[in-house]
Amino acid sequence: MQVAQAMVVCGIGFATLLGCSRGSGPATYPVTGVVTMDGEVVEGATVTLVPSSETGRSASGITDAEGKFSVMTYVSPGVQPKGAMPGDYSVTIRKLEVRKVEEGGTPQEAQAAFRKLGPPKDLLPKKYASPNTSDLKVTVNEGPTEAMSLELTR
């Protein structure tokens, strides 16, 4: 009898947990755009929307070969809905140089190579790397947001 009661209690607890979880995450809306610098598309840059509100969540995406991006909001490892939550955002854009390390080396050799080279260089103007200095802003409303055209200058 005690085993049956324990199973019922565990079943109710499990059902409660399932009922309270939000597997789909917060309501988000599509945000897309194109990044260019001096008229040329920027490939491989990370575009991040940094919320102005403390209750907001950042969203980010990476530009493709045509400079196009779409963002996703990180909620948890298994929950990353496409788009961004409604609100005001500062936009940061970074593109770090890619460094290659010889294959077959030990982790210690890789660390030594990175120490020797120093931190990777940011290939875009520094002002776009921080929400405090970036002059790029966007407001996400409920519904589709018009594709952004982010023109960077040196």
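All of these numbers come straight from a predicted model, not from anything done at the bench. Computation of the quantities below employed the complete heavy-atom set of this structure, encompassing side-chain atoms and omitting hydrogens, waters and symmetry-equivalent molecules.
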Rounded to the nearest 0.5 Å, what separation is found between the CZ atom of R57 and the CD atom of Q80? 11.0 Å
Polar side-chain atom of T63 near backbone of A45 as donor-acceptor pair, under 3.5 Å: yes
Would you check, one step at a time, whether the test side-chain contact (heavy atoms from CB on, under 4.5 Å) holds for T28 with V140? CA-CA 9 Å; T28 57; V140 177; over 6 Å; no
Starting from V50, walk the hydrophobic network (Ile, Leu, Val, Met, Phe, Trp, Tyr; side-chain heavy atoms closer than 4.5 Å) and list everyone else you reach, by chain and number. none
For residues 119-126, run the donor-acceptor check on the side chains, cut-off 3.5 Å, and write out each pair with its distance to 0.1 Å, sequence neighbours left out.
residue: D122; atom: OD1; partner: K95; partner atom: N; Å: 3.3
residue: D122; atom: OD1; partner: L124; partner atom: N; Å: 3.4
residue: D122; atom: OD2; partner: R94; partner atom: NE; Å: 2.9
residue: D122; atom: OD2; partner: R94; partner atom: NH2; Å: 3.3

Please find the pair of heavy atoms, one from [X] and one from [Y], that lie closest to each other, and give the distance.
| X | Y | result |
| --- | --- | --- |
| E66 | V41 | O-CG1, 3.3 Å |
| G61 | V71 | N-CG1, 4.0 Å |
| T92 | S130 | CG2-C, 3.5 Å |
| Y89 | A84 | OH-CB, 4.0 Å |
| T48 | S58 | CG2-CB, 4.3 Å |

With sequence neighbours excluded, what pairs up with [X] under the side chain to side chain contact (heavy atoms under 4.5 Å, CB included) test?
| X | result |
| --- | --- |
| E142 | Y29, P86 |
| D135 | K127, Y128 |
| T139 | D88, N141 |

Common cluster, L96/I93, ILVMFWY with side-chain heavy-atom separation under 4.5 Å: no
Donor-acceptor pairs under 3.5 Å, side chain of residues 32-40 to any protein atom, not counting sequence neighbours: which ones?
residue: T36; atom: OG1; partner: E151; partner atom: OE1; Å: 2.3
residue: D38; atom: OD2; partner: R154; partner atom: NE; Å: 3.1

